[in-house]
Structures are given as structure tokens and as C-alpha cells.
Amino acid sequence: MRLSKEERSWILYDCGNSAYSMAVTTALLPIVFGMFTNVNSSMDLGYFNSIASILIAILSPILGTIADYKDKKKRFFVFFALIGVLATLSLAFVAPSSGQWQLLVGFYILSAVGFAGANIFYDSFLVDVTDDERMDKISTRGFAFGYITSVIPFGISLLLIFFMGMDKAIGYQIGFIITALWWGLLTVPMIKDVKQRHYLEPEPRPIVNSFIRLGSTFKNIRQHKVVFVFLLAYFFYIDGVDTIIKMVVPYATSVLGADALDTFTLLGILLVIQIIAFPCAIIYGNLAKKYSTRAMIIVGIITYIISCIAAFFISSVWHIFVLGALVGSAQGGIQALSRSYFAKIIPKENSNEFFGFFNIFGKFAAIVGPALMSLTTTLTGNANLSIIAIIPLFIIGLCIFMTIPKQQL
């Protein structure tokens, strides 16, 4: 498929921010956090993931509504991307030997807000760079190339960590710097080439009118029945997806123990997931054209349910590799198709406003899963049970999603 200049630049940003998602959220930060001797458990990171999600969930619809005005979307995107990159860079300067885990968590929350905030506007730019017929393929290619290219900065970081010592923080700290530079560099084409084509004309009192418009949309959301039902389903199943992405390292370490699962092996497994996710995301996009976007989202949800059940029974390292392959097969596809499905059913000129709701549902959902896993582990003392606790989220999401008529994409 021949890509336009805007489509390529849009996809490149996915390549940049995927490095953050891979290195910081999933891999390096949980390990560095666990190096602090004055924290109870690496599973406590789930609580801080929830705090970051609350902050962006509150901001999402408000910022999205304001950004629907002409020339506002790019400014908000740049602001949040810059916050994310700088906060990620700052993570490198908090060493476990300092004992200042609160400062590390503070920078992490700030980086997560920047990452998620920029994604509100990045996702909504999908309606500006391509048309409805190409959205599934462009969206899945964004995730696919994001997964495979994030292997580059993460692989370099992994080599540095290996040679400098798996139990030494310096390699992980350099990894944060590499991630921030990679993210920042691949943001440049997006800023340079992508333009806001769908917008509302400027008007007096834009902030006041934005709140009025936001309230009106929320009040009349029943007029957009398919959008509302989809968001409700998305709230549940994306919670499970985000939880697995954020909590896979703490979970695997807690279940198998540090002796059975050394850090290098664990990071290698995450690398395998990224590689598998690349072709699978593209396959999801191709199959969506043949069988419908709706059908492939259902396949993705079912795959995650099976993954959670399998995760409960893991008892050796090779189980983690198999589980990682299973998760990787659906991870990019379900996220990309959810994004493109939503982009096709919303009014284009209000894309930021609606993607604000998309993010508020997604981020409030992301509060539940990590906190639920952490709480289950705390109450039962059994980390295995924490993965079972999130299965109902997928089941509820699937049941709601199935109520959307088949003719809807």
C-alpha cells in the first residue's frame, strides 16, 4: 500500500512513542523501581499507574474539546509530547541508591501524562491524514511499525544493560535517555508534515463554549448510540489490555521469582513480543478488510481471555515465551482496530472532542485493572490470582461489544 507523506509522518510518531510504551511502561521502569530497597513490592507500581490514568482521564475531554478549533490540535500535541519526552529523560537522573523512589514515580506519572495527552491529539489526527477506507490499514501499520522499530532503542538498551551489569542501575538509566531521544526525534516529521484538516472555526470565548459543547455532547450522547455502546465495551476490554501491558513484568517476576526468571530473560521475552506483534498487527488490518473490523476486535478480546487463563498456570520460563507470543499476536491488532473503528463512527469535525471521550473511557478503565491486580495480590498474598481478577473485564467488554449490529463496520 503506497503511503502519502502525511500518512508516513503519522506512522513515524507511533514508532517514536512505542519506544516509551515498551521501555518505560513495560520493561525498564518496573525493574528500576524494584531496585529501591525502601519500597514494599514491585506490584505497588500498579497504584501509581492508576494515578497517572486518573490525571489524564480528567484532562482528556476538556483538552480534546478545546483542540477542535482550527490550529489548536497541533499546539496541544506538541505541548504534551514535549512534557513526555522531557519527563522520560528525567527518569535517568534518579538512581536507586538515592532512595528517592517518590521522585522517580513523580517523573514517571508526568511522562505518562505527556504520553497519553499527546496520544489524544495524535489519535484524532487519523481523520486528518487518511480517509475511512484506509483507516484500518493506516492505524494497524502505525502499531505494527511502532512495535518493530521500538525493538531498535530497546535492543540497544538491553545490550548496554547486559554489559554494564543486570543488577546495576546505570544501564537502565542510559536506556531512559535513549528512549527519550528516539521518541523526540521521531516526533519531528509529525510536527512538520501533518496538518489539521477537520476543525471548527474560531469563535469568541472558546474555553467557555468548549465546556458548553462538551456538556451538550455528553447530554445528547444517546444520539450517537453506536459510539456510546462501543465506548462502554472499550472501557472494559481495553482496561484488560492496558493492565497486561503495564503489569506483565511485575506479575511474571512475582509468580516465578527472581531466581527462576532473571532480568535479561524477562527483557528478552518482551523483545519477542514486540517482534511477533509487528506482522500480527498488519494481519489484523488485512483480515479486518475481509471479515470486518468488528469481527477482528472480537477475535482479539477472546485471545486475551485465553491468555489470562494460561497465565494463571505458568510455572516455568518457556511458559512465559508461549504466553508472550499469544499476547503479542493480539496486542497491536486490538488497539489499532479500536482506534480506527472509533475514528470511522464519529463526526470528523469533532474528532478531538470524541477522542477526548475515547481517552477518558480508556484511561478511567486503566485505573481499575492495575489497582485490581495490586489489591488482589495484597489481600491474598498470591500473585497468580491477580491475573484471574481481570478476566471479567474482557468478558463484560465482549458481551457489550457483541450488541453492536454486525453491519456496523
Side-chain angles (χ1 to χ4, degrees), residues 22 25-27 30-31 33-34 40-47 49 147 236-277 279-281 283-284 296-335 365-366 368-399 401:
M22 171 67 174
T25 303
T26 305
I31 294 171
F33 184 71
N40 294 325
S41 167
S42 59
M43 288 297 285
D44 287 344
L45 200 57
Y47 295 121
N49 277 318
Y147 281 125
F236 288 101
Y237 75 74
I238 207 64
D239 182 8
V241 174
D242 286 344
T243 300
I244 290 175
I245 291 172
K246 292 175 180 176
M247 300 298 289
V248 62
V249 171
Y251 176 77
T253 304
S254 297
V255 171
L256 295 181
D259 293 335
L261 188 65
D262 63 87
T263 303
F264 190 77
T265 301
L266 183 57
L267 295 179
I269 292 169
L270 294 175
L271 203 61
V272 169
I273 293 175
Q274 297 294 102
I275 294 171
I276 290 174
C280 289
I283 290 170
Y284 261 72
M296 294 312 300
I297 290 176
I298 291 172
V299 169
I301 296 172
I302 292 173
T303 301
Y304 267 97
I305 293 173
I306 295 170
S307 299
C308 289
I309 295 171
F312 177 76
F313 296 100
I314 62 171
S315 57
S316 62
V317 175
W318 73 268
H319 291 164
I320 298 289
F321 275 98
V322 174
L323 184 63
L326 190 60
V327 169
S329 71
Q331 185 168 294
I334 195 170
Q335 289 176 298
V368 180
L372 192 59
M373 287 189 70
S374 296
L375 184 61
T376 302
T377 303
T378 300
L379 293 178
T380 66
N382 186 348
N384 286 72
L385 293 175
S386 65
I387 199 69
I388 297 299
I390 66 173
I391 292 178
L393 299 173
F394 287 112
I395 294 175
I396 294 170
L398 177 61
C399 291
F401 187 75

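Just so we're clear, the structure is a prediction, and the values are computed from it rather than from any experiment.
Closest non-hydrogen pair, A330 versus Y304, comes out as CB-CE1, 3.9 Å. The two residues T380 and T376 make their nearest non-hydrogen contact at OG1-O, 2.6 Å. Across all non-hydrogen atoms, the minimal contact from G240 to I390 is O-CD1, 4.3 Å. Of all heavy-atom pairs spanning I334 and I297, the tightest one is CD1-O, 4.1 Å. The nearest pair of heavy atoms linking L326 to T303 is O-CG2, 3.6 Å. Here the closest non-hydrogen pair linking I276 and G328 is CG2-C, 4.1 Å.
Taken to the nearest 0.5 Å, the CZ atom of F236 stands 5.0 Å off from the CD1 atom of I396. From I301, atom CD1 reaches atom CG of L393 across 11.5 Å, with rounding to the nearest 0.5 Å. To the nearest 0.5 Å, atoms SG (C280) and CD1 (I275) are separated by 12.0 Å. Taken to the nearest 0.5 Å, the CD1 atom of I302 stands 10.5 Å off from the CD1 atom of I395.
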message: Please determine whether side-chain contact (heavy atoms from CB on, under 4.5 Å) holds for the pair I244 and C308, giving the CA-CA distance in whole Å, both sets of side-chain angles, and the decisive distance to 0.1 Å.
response: CA-CA 9 Å; I244 290 175; C308 289; 3.9 Å; yes

query: Please walk me through it: do Y147 and Q331 pass side-chain contact (heavy atoms from CB on, under 4.5 Å)?
result: CA-CA 10 Å; Y147 281 125; Q331 185 168 294; 3.0 Å; yes

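Taking the six-membered ring for Trp and the full ring otherwise, the centers of F394 and Y237 sit at least 6.0 Å from each other.
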